[in-house]
Amino acid sequence: MRRPVLTLLTLLFALPLWGAESDSATHTFIHLRSGVGYGLYRDLGTLPITYRGLQLHPGISLEIQQPLWRYEGALLVDGGVYGIKPSINYIQAYGGHPLLGVRVWRKMAHHNHLHLWAGGSADNLFDIRYQSSLGNACAGFGNYARLNLEGCLEYTIGSWLFYAQLQLNAISLTTRPGFAYMDNFDQDISSPTANTFDQYHTYLALAAGAATDVGASLLLATGNRIGLSYHWSYLSSQSSDASPHLFQYAHHALLFHLAFKIK
Amino acid sequence: MKHFSIPILLAIAISFASCERALIADDISASATNTFDYLWQRFDQQYALFDVKDVDWQAVYDSLRPRVYNGMSPDSLFAVCATMLGTLRDGHVNLYAGFDVSRADSLYYRFYSQSGIDINTVLLHYLGIGYHSTGGMAHNGLCHDSVIYIYYGSFSNTVSPSLFRRIIQSYPQAQGMVLDMRGNGGGSLSNVINILSLMPSHGQQLYSSQIKAGPAHDHFTPLVATYAPDCSADTTLFTRPVVVLVDRGCFSATSVFAICTQAYDNMYLMGDTTSGGLGLPSMGYLPNGWRYRLPVTRTVALDGNNYENGVPPDIPLAFDLPRAQTLGRDNLIDSACAYILHSLNESKY
């Protein structure tokens, strides 16, 4: 464990990266993200109570910065172990949410050290949960292909960058189990795996989520950055006639960021 | 502006994070009345078999709800909930409370009061000491190996097509097969297909099924057919007569297997009506953490009937328990062997 950490810190603080002193207006960064958090979810398809638990938040992204534009592609994951204890039994569940997305921001205004960015993102978030004691409803998959509106307020002072980001989900193509909520029901029992999602339904959901990030980054002489942020996110499946059971998920996380300038 | 920036950022973050309580409402309390009402409602909306169970679910609620009050003991609440679910007489309906599990008692009493098998007789006088065990199937040859006798006690025991083929090939002189499924309470449906894949078929329809699609008792998806695996190119199929022994202990996947025999010309059901259980179950939690199980699908046999309450045999025959216990003879196995050998003689002449 110690060696990878030392390697990362060496890269961050000491290594004179090849593009660090370039005058180019375009800079490229690789972001590494990790953190711990607290998550909660409730899926009314199988239970009327809320699971809560600790989560880990690894992630990696590639960002291209230009004076007026920013582009980013990211693979982010959050997942953890959840539990409820409404009676004599502790009920445990496991869940994870890999997210693959791209975002584009444009600088809309700036005043002295204050910059306002606005843009949007497209991402796909896959929800997988496992509740072993629920038989044919134990997995509970969900998929959310989303378009989001985003804004970011940045304030720079010296080597420090403070920022607050807001993401509002505009529309989501949501896929969820149907009314009977069976995750592995298939009518063709000769090939069950091919029909796992037979009873899932896909529908459009509006305004199904939001997220915020508030943090600070220290800009190093090498062009790299190190930072810390607080992240909050909320997701709702909304519902449709064919898939009426609401799924709601939220988490709070403290994230540690490293950004390596590679160009 | 500079002086207001940091407070603005913090205010944005705090305001959105604090929205969470407004977005995700509090859980409903785990009171006895909430728990009972939730359980009743989930069954009212998701249980798929009210039509064949002939139960007035609203009347059940009206009669039992007055017995529920907040502050009652968990045991008492469990007893009322179990009574409510028991009215459905469905082996796929259970309530799991950690300290107890409710069952469809009438189903079990019916099985044990009308048991269709004496396992000691089977073990001592049919399987014998040297029986073989392959893929969860106990087997041996009867009538000088002219009949394969297979006892399959649970569809939870995985039997692959290759293992089933190996059993068949172990008895090259066999003129028929007795597939004894008495007392088989079900298991994995994939084993149904694995066994049927060695029976002669051309991809014919086996049955059709539909899944609950809305809260009304008759709200289902359209019926979708399930077909037999097309084995017409397989030269190792078992084309001889197969007599499947069934009784009241046959449930769930075993009943599904029983209705599938309608699609095969060489398969016959002998014994007693099965206990049904053709609907596939799903599960959920109650506000107090108890779990429930209920069928959310319905299955229609090839002849258009829903045999949820039991699949009748082609050849009804009551098990003679005194004969088994005194003479060591199982009249169903003997009759099945005679049926196979008689069929053989008939086909010869």
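First the proteins, then the strands, lettered A, B, ... as listed; each starts at 1.
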Next item on the list: Using side-chain hydrogen bond (donor to acceptor under 3.5 Å, both in side chains) as the criterion, list what pairs up with A:R106, not counting sequence neighbours.
Entry: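 Partners of A:R106 under the side-chain hydrogen bond (donor to acceptor under 3.5 Å, both in side chains) test: none.
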Note to self: So which atom in A:Y203 and which in A:H201 form the shortest heavy-atom distance, rounded to 0.1 Å?
What the structure shows: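 The pair with the smallest heavy-atom distance is CD2-O, 3.9 Å.
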Check: Looking only at heavy atoms, which two atoms of B:P287 and B:I28 are closest? And how far apart?
Finding: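 Minimum heavy-atom contact is CG-CD1, 3.6 Å.
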Check: Do A:S237 and A:T174 have side-chain N/O donor and acceptor atoms under 3.5 Å apart?
Finding: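 The criterion, which ignores hydrogens and geometry beyond distance, is not satisfied for A:T174 and A:S237.
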Check: Does B:K212 make a cation-pi contact with B:Y47 (under 6.0 Å, within 45 degrees of the axis)?
Finding: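 No.
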Check: What is the distance from atom CD of B:Q205 to atom SG of B:C260, rounded to the nearest 0.5 Å?
Finding: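 It comes to 10.5 Å.
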Margin query: If I measure from the heavy atoms of chain B, does A:I84 come under 4.5 Å with its side chain, its backbone, both, or neither?
Written below: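 It is neither, since no heavy atom gets under 4.5 Å.
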Checklist line | Region of A:H245 that comes under 4.5 Å of a non-hydrogen atom in chain B | finding: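 For A:H245, the contact with chain B is made by the side chain alone.
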What residue, out of [options], has the most heavy-atom pairs lying under 4.5 Å from chain A?
| options | result |
| --- | --- |
| B:A30, B:P215, B:A228, B:P74 | B:P215 |
| B:R293, B:H219, B:R42 | B:R42 |
| B:L196, B:T299, B:V296, B:I24 | B:I24 |

Check: Can we say A:R33 and A:E72 salt-bridge, meaning some charged N sits less than 4.0 Å from an Asp/Glu carboxylate O?
Finding: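 The answer is no: the pair does not qualify as a salt bridge.
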Check: Is a salt bridge present between B:R298 and B:E308, judged by a nitrogen-to-oxygen distance below 4.0 Å?
Finding: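 No, no charged N to carboxylate O under 4.0 Å.
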Notebook entry, point to check: Should the heavy atoms of other residues, nucleotides or ligands under 6.0 Å from CG of A:D241 be counted, would the total exceed 12?
Noted result: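 Atom CG in A:D241 is not crowded, with 12 or fewer foreign heavy atoms closer than 6.0 Å.
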Can you tell me which portion of [X] sits under 4.5 Å from chain A's heavy atoms? Options are side chain, backbone, both or neither.
| X | answer |
| --- | --- |
| B:D26 | backbone |
| B:Y38 | side chain |
| B:L294 | neither |
| B:A253 | neither |

Next item on the list: Take B:N94 and B:S102 through the side chain to side chain donor-acceptor pair (under 3.5 Å) test and state the conclusion after the steps.
Entry: CA-CA 5 Å; B:N94 299 99; B:S102 78; 5.2 Å; no
Notebook entry, point to check: Is any residue of residues 37-49 of chain A within less than 4.5 Å of chain B by heavy atoms, and which ones?
Noted result: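 Counting heavy atoms that sit under 4.5 Å from chain B, the residues of residues 37-49 of chain A involved are A:L40, A:R42, A:L44, A:G45, A:T46, A:L47, A:P48, A:I49.
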